[in-house]
Chemist: 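Submitted below is the structure of interest, expressed as structure tokens.
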Amino acid sequence: MIMNYTMLFKKIEKGDIEPLYLFYGEENFLVDEAVKKVISKAIESAHRDFNLDILSGNETNSDEIINIAKTLPFIGGRRVIIVKYREKILESGIDRLIEYCSMPSPTTCLIFTALEMDVRSKLYNTISKSGITVQFNQLNKRDASAWIVKRVEEAGYRIGDYAKEYLLEIVGNNLQRLSNELEKVFIFKYNDKDININDIKFLVEDTKIESIFTFTDSLSSGDMVGALKLLNKLMNQGETSVKIIGMIARQMRLIFLTRFFKEKGIPLSELPARAGFPPFLLKGYLNLAEKYNKNELRESFFRIQNADIRLKSSDIPEKRILEKLVFDLCSR
């Protein structure tokens, strides 16, 4: 059965553990979380030294996995086997492993984890028929928001909407960092169970939002040196070229909408909802909107579009394309 991660977690929390799983995808944090949840429900903590095996799929042969999977667990219960692999798995003896997966032992929970998976492969299709496969992609903003609420509630706290929006805005949907930042908040709040936006501002380093706002401000002010430094900072933080240009385009779009709605006489209290950004960013966008006229914004969009096309279709180094875009936007 092919399943999404929310349905999987609900089944695990009910103690409904299957004998066979495949967890794959780029969101390693959720993959690890799913594995931990299965282990906690399937094996008593006192028996984990005897009933838990963690294997590398690139180093372990199929026969070893099958032999362990067919071994009865110590003192009843279940045996859990985690097989981790990153590229091709177990070319030798793969047919025997597929045969086992078609009829897995009911006393064993065998979990395969991978970054990528060929959905056309016989192993994938066999696991999908006899067990459960879940693809863990990076969460979109809405799902990441729901994940924050659930994580906060599980810890016994409550978080306000503005606090949640601000946390997402400055951290993004990186679940590992979101988890780390929330742990800091929980420790700080202790017995005070209500998390507000001031708690997030005080405890969470806003490097992402500071960088992109300062970057955009440098572009609009013609500060080429400052913009190039911030471009390097964003790239050093792990942002890809495509994502950086998407961030620039989004900022320019929000600046344009801020200017447009303000000129239309929309009340400032309604402007963030109309433009599509959280209320606490209003002041920043109003300041940026004052630095552009309509022709400059139109020309900026044209230059961003051209740079985006070059990033996706040319052999020019990505950093050079972005640096040229910075030069063009600063020289408008």
Side-chain angles (χ1 to χ4, degrees), residues 24-28 86-88 114-120 135-144 168-177 206-260 275-277 281 284-285 288-289 291-332:
Y24 72 102
E26 60 186 359
E27 188 47 85
N28 289 326
R86 286 293 177 267
E87 297 171 358
K88 292 184 178 179
L115 185 62
E116 297 177 350
M117 190 68 191
D118 183 358
V119 298
R120 300 165 299 178
Q135 184 176 11
F136 293 89
N137 290 323
Q138 191 173 47
L139 300 187
N140 58 35
K141 188 172 182 179
R142 188 176 76 171
D143 289 341
L168 267 175
E169 199 71 34
I170 62 178
V171 175
N173 56 354
N174 183 316
L175 296 189
Q176 183 62 67
R177 190 177 168 209
D206 58 348
T207 53
K208 180 182 175 184
I209 194 168
E210 177 189 2
S211 294
I212 189 59
F213 259 107
T214 309
F215 181 43
T216 313
D217 190 49
S218 297
L219 293 176
S220 61
S221 302
D223 179 8
M224 191 181 304
V225 174
L228 288 172
K229 286 181 179 179
L230 286 161
L231 172 64
N232 283 325
K233 181 178 179 180
L234 287 168
M235 297 187 82
N236 290 335
Q237 287 175 347
E239 302 290 1
T240 64
S241 298
V242 172
K243 189 170 181 180
I244 289 172
I245 205 168
M247 292 164 72
I248 297 172
R250 177 179 180 272
Q251 287 295 94
M252 289 298 177
R253 180 177 63 83
L254 292 177
I255 291 168
F256 170 80
L257 290 173
T258 299
R259 184 180 181 87
F260 174 80
F277 56 78
L281 296 179
Y285 281 117
L288 290 172
K291 298 181 179 182
Y292 288 89
N293 60 44
K294 291 179 182 178
N295 289 334
E296 288 172 339
L297 284 169
R298 189 179 297 112
E299 181 68 17
S300 295
F301 281 121
F302 176 74
R303 294 183 185 281
I304 293 168
Q305 184 181 38
N306 282 346
D308 186 51
I309 292 171
R310 288 197 297 273
L311 275 177
K312 296 173 180 176
S313 61
S314 75
D315 295 327
I316 303 172
E318 294 180 352
K319 188 174 181 182
R320 188 181 301 172
I321 293 173
L322 289 176
E323 288 174 341
K324 176 65 165 58
L325 176 62
V326 167
F327 175 82
D328 290 341
L329 293 177
C330 286
S331 304
R332 73 182 192 280

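One-based numbering along the sequence shown.
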Chemist: Mind running side chain to side chain contact (heavy atoms under 4.5 Å, CB included) on Leu297 and Ile255 for me, showing each step along the way?
Modeler: CA-CA 9 Å; Leu297 284 169; Ile255 291 168; 4.1 Å; yes

Chemist: Enter the distance from Arg259:CZ to Leu257:CG here, rounded to the nearest 0.5 Å.
Modeler: 12.5 Å

Chemist: Report the residue from Leu325, Ile321, Ile245 that forms a side chain to side chain contact (heavy atoms under 4.5 Å, CB included) with Asp308.
Modeler: Ile245

Chemist: For the residue pair Ala249 and Phe301, what are the closest heavy atoms and their distance?
Modeler: O-CE2, 4.0 Å

Chemist: Would a 4.5 Å heavy-atom cut-off, applied to side chains only, mark Gln251 and Leu254 as touching?
Modeler: yes

Chemist: Find the distance between CG (Asn306) and CG (Asp328) and round it off to the nearest 0.5 Å.
Modeler: 9.0 Å

Chemist: Residues in ring pair (Phe, Tyr, Trp, His ring centres under 6.0 Å) with Phe256, at least two apart?
Modeler: none

Chemist: May I ask you to test the Val326-Leu219 pair for a side-chain heavy-atom distance under 4.5 Å?
Modeler: yes

Chemist: Hey, does Ile244 have a side-chain heavy atom less than 4.5 Å from the side chain of Ile248?
Modeler: yes

Chemist: Excluding sequence neighbours, so at least two apart, what forms side chain to side chain contact (heavy atoms under 4.5 Å, CB included) with Lys141?
Modeler: Leu168, Glu169

Chemist: Starting at CG of Leu175, measure out to CD of Gln138 and round the result to the nearest 0.5 Å.
Modeler: 7.5 Å

Chemist: Report the distance from atom OG of Ser218 to atom CE of Met224, rounding to the nearest 0.5 Å.
Modeler: 11.5 Å

Chemist: Side-chain contact test, heavy atoms from C-beta onward, threshold under 4.5 Å: evaluate it for Glu318 versus Thr240 and give yes or no.
Modeler: no

Chemist: Is Val225 close to Asp223 at the side-chain level, that is, under 4.5 Å between some pair of heavy atoms?
Modeler: yes

Chemist: Could you tell me the separation between the CD atom of Glu116 and the CD atom of Glu26, rounded to the nearest 0.5 Å?
Modeler: 9.5 Å

Chemist: Any chance you could measure Asn232, atom CG, to Leu322, atom CG, to the nearest 0.5 Å?
Modeler: 10.0 Å

Chemist: Compare all side-chain heavy atoms of Tyr285 with those of Phe277 and state whether any distance is below 4.5 angstrom.
Modeler: yes

Chemist: Tell me, please, which residues at least two apart from Gln305 pass side-chain hydrogen bond (donor to acceptor under 3.5 Å, both in side chains).
Modeler: none

Chemist: Decide yes or no on side chain to side chain donor-acceptor pair (under 3.5 Å) for Asn137 and Gln135, but give the supporting numbers first.
Modeler: CA-CA 6 Å; Asn137 290 323; Gln135 184 176 11; 3.2 Å; yes

Chemist: Counting C-beta onward and ignoring hydrogens, is there a side-chain heavy-atom pair between Tyr24 and Leu115 closer than 4.5 Å?
Modeler: no

Chemist: Is there side-chain contact between Arg253 and Arg250, with at least one heavy-atom pair below 4.5 Å?
Modeler: yes

